[in-house]
J.: 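Sharing a structure here in structure tokens format.
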Amino acid sequence: MSKNNFPKLHNATWPGIVGKGDHEPIISLDELLEKTAKAEVNGVKFDGVDLGLFDPHVKLDTSDDHIKSVVDKIGGTYGLAIGTLVAPIWPPDGGSAMGSQTDRDRFVEVVRKAAEFGYKLRKEGIRTNNVIRVDSASSVEEWAKNPTENTKLIADTFRRACDAAAEYGERIAAEGEICWGGMQSWKTMLETLEMVDRENMGFQADMSHTFLYLLGYNAPEDRILKADFQWDDREELERGLKFLTSKLRPWTIDFHVAQNDGTVFGSGSHDKTGRHCLPTDPNGRLDIAKDAGFWMKDENGNPTKAFNHICWDGCMFPNEVMHKQETWDSILKTLIEVRDVNGWSA
């Protein structure tokens with residue numbers, strides 16, 4: 001495909017850290033970048049990476065020297081662009097978006113630093129978008145103790161984070177995961193987004209995490225699929241996907257391609273959320289290329305062009321899988337298929 005084909009194809013770096021615990025060591029940024037840069041399918045390669053601003057991969061340090069070191073490593077050594085950034089909004093650096101005043105102030109300050117980081121990367125010409133990923137950094141259990149007031153607190157924190165990000169021309173995307181309070185279902189997510197009421201607030205859809213909104217995990221009252229749904233009922237699954245995306249696609253400014261087997265999973269210190277599976281997993285419930293289209297195309301079948309790249313999120317893949325080059329080759333192949341079916345040319 002020509003260089004003018006969109007969306008661009010990105011890999012995520014944070015799976016080298018997220019979900020790792022004492023039983024599995026962190027995978028270095030260099031290894032992830034090397035395997036991303038090496039992957040190739042019929043002459044097509046990854047265009048870039050989405051970057052988690054997590055120590056020890058990348059420090060949330062906005063000094064010009066540090067920014068230059070990141071640009072030199074990712075762009076210079078590996079020839080990759082940088083897309084969406086993930087702000088480390090959780091304690092101890094950040095804090096709960098519905099926590100104490102101190103917690104919420106830390107949350108906003110981390111987003112502000114991430115926005116400055118992103119702005120400087122854009123000035124260097126290596127960054128392809130202006131999106132920063134967040135969540136509420138709050139458990140569903142704590143949120144449920146006072147849903148109304150806690151949603152107001154989360155929305156207020158997000159609103160302040162949006163204002164801080166806007167100073168640097170950045171946007172905020174809240175990722176739809178069932179493990180975060182005020183975001184655990186399509187309905188609560190939509191209510192939170194609407195309450196924030198900022199032009200630079202959006203949604204990050206993940207084909208694995210957001211998929212579980214259909215099943216009502218952590219929010220049975222908001223289940224979309226019928227109660228007696230069976231996995232061989234493709235018609236009902238597509239009905240559910242159409243409903244879900246009709247509600248959240250207008251907010252979607254960032255998109256993760258993934259596979260899911262319909263179960264929840266957590267590893268290391270990461271709470272249970274949608275299980276990310278390899279694209280070739282025989283238990284995968286999604287027709288990845290087709291189902292991506294529910295997010296990437298409008299009701300008339302035209303690309304929304306709401307994001308200029310798509311990213312594979314292999315969050316919580318075991319190390320034995322991530323160390324294999326063929327893993328990233330198969331993922332790249334899947335992203336190409338998604339683009340062939342749902343993309344566009346400049």
Side-chain angles (χ1 to χ4, degrees), residues 1 5-12 15 36 39-42 44-50 83-84 175-178 203-215 224-225 229 231-246 248-249 252 254-265 273-298 301-317 321-322 324 326-344:
M1 300 182 76
N5 284 95
F6 287 91
K8 299 303 181 183
L9 310 179
H10 282 210
N11 197 11
T36 301
E40 184 171 350
V41 177
N42 297 326
V44 179
K45 300 175 72 68
F46 279 104
D47 298 294
V49 292
D50 284 7
T84 300
E175 183 176 11
E177 290 195 61
I178 62 168
F203 181 69
Q204 183 186 80
D206 178 289
M207 290 182 67
S208 178
H209 294 319
T210 311
F211 182 63
L212 293 189
Y213 281 173
L214 296 172
L215 299 170
I224 295 172
L225 297 177
F229 170 74
W231 287 113
D232 60 357
D233 188 349
R234 178 68 193 183
E235 182 178 354
E236 170 65 4
L237 181 59
E238 290 196 9
R239 182 199 67 78
L241 285 168
K242 288 176 182 177
F243 176 85
L244 174 63
T245 55
S246 72
L248 289 171
R249 186 176 59 239
T252 302
D254 205 56
F255 184 59
H256 290 169
V257 178
Q259 180 58 287
N260 184 277
D261 64 5
T263 67
V264 296
F265 179 71
T273 183
R275 178 189 285 272
H276 284 87
C277 302
L278 286 168
T280 55
D281 192 316
N283 295 315
R285 302 300 187 180
L286 291 162
D287 181 338
I288 298 176
K290 181 177 182 180
D291 294 343
F294 292 111
W295 293 102
M296 296 175 65
K297 293 179 177 179
D298 64 22
N302 300 311
T304 66
K305 302 182 182 181
F307 32 85
N308 61 10
H309 78 276
I310 55 178
C311 180
W312 179 274
D313 186 346
C315 186
M316 291 182 283
F317 276 0
V321 169
M322 296 182 68
K324 297 177 181 178
E326 55 261 39
T327 294
W328 308 109
D329 294 338
S330 69
I331 285 168
L332 176 60
K333 181 176 182 290
T334 302
L335 286 174
I336 294 169
E337 291 170 353
V338 169
R339 180 166 67 181
D340 285 347
V341 173
N342 305 295
W344 67 94

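Residues take their numbers from the sequence shown, with the count starting at 1.
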J.: Using a strict threshold of under 4.0 Å (side-chain N to carboxylate O), is an ion pair present between D329 and K324?
T.: no
J.: Is the side chain of N342 donor-acceptor paired with the backbone N or O of A289 at a distance under 3.5 Å, no angle test?
T.: yes
J.: Is there a side-chain contact between H10 and T36 (heavy atoms, below 4.5 Å)?
T.: no
J.: If you round to the nearest 0.5 Å, how far is CG of L332 from OG1 of T327?
T.: 12.5 Å
J.: Would you mind reporting whether F317 and L278 have side-chain heavy atoms less than 4.5 Å apart?
T.: yes
J.: Check whether E236 reaches the backbone of L225 with its side chain - one donor and one acceptor, N or O, closer than 3.5 Å.
T.: no
J.: Is there a donor-acceptor contact under 3.5 Å from the side chain of D47 to the main chain of L9?
T.: yes
J.: Are more than 12 heavy atoms from other residues, nucleotides or ligands located less than 6.0 Å from atom NZ of K305?
T.: no
J.: Do K8 and F6 form a cation-pi contact, if we require the NZ or CZ to be under 6.0 Å from the six-membered ring centre and within 45 degrees of the ring's axis?
T.: yes
J.: Would a distance-only check, ignoring hydrogens and angles, find a side-chain to backbone donor-acceptor pair under 3.5 Å from W344 to T304?
T.: no
J.: With sequence neighbours excluded, give me every side-chain hydrogen bond (donor to acceptor under 3.5 Å, both in side chains) pair touching residues 281-290.
T.: E238-K290
J.: Indicate yes or no: does K333 engage E337 in a salt bridge with an N to O separation below 4.0 Å.
T.: yes
J.: For F203, check ring-ring contact (aromatic ring centres under 6.0 Å, His included) against everything at least two apart and list the hits.
T.: none
J.: In a check of side chain to side chain donor-acceptor pair (under 3.5 Å) between Q204 and each of D313, T84, D254, which one passes?
T.: D254
J.: Is there side-chain contact between I331 and F46, with heavy atoms separated by less than 4.5 Å?
T.: yes
J.: Does any part of the side chain of E326, heavy atoms only, come nearer than 4.5 Å to the side chain of T280, both counted from C-beta?
T.: no
J.: Under the side chain to side chain contact (heavy atoms under 4.5 Å, CB included) rule, what do H256 and H209 come out as? Steps first, then yes or no, please.
T.: CA-CA 9 Å; H256 290 169; H209 294 319; 5.7 Å; no
J.: Rounded to the nearest 0.5 Å, how far does CG of D340 lie from CG of N5?
T.: 8.0 Å
J.: Just by modelled atom types, is the F294 backbone N or O under 3.5 Å from a matching donor or acceptor in the R249 side chain?
T.: yes
J.: So which heavy atom on P7 is nearest to which on H309, and how close?
T.: CB-CA, 3.6 Å
J.: Donor-acceptor pair, T210 side chain versus M207 backbone, under 3.5 Å?
T.: no
J.: Do E177 and D206 have side chains that approach each other closer than 4.5 Å (heavy atoms only, starting at C-beta)?
T.: no
J.: Ring-plane angle category for F307 and F255, please: parallel below 30°, perpendicular beyond 60°, tilted otherwise.
T.: parallel
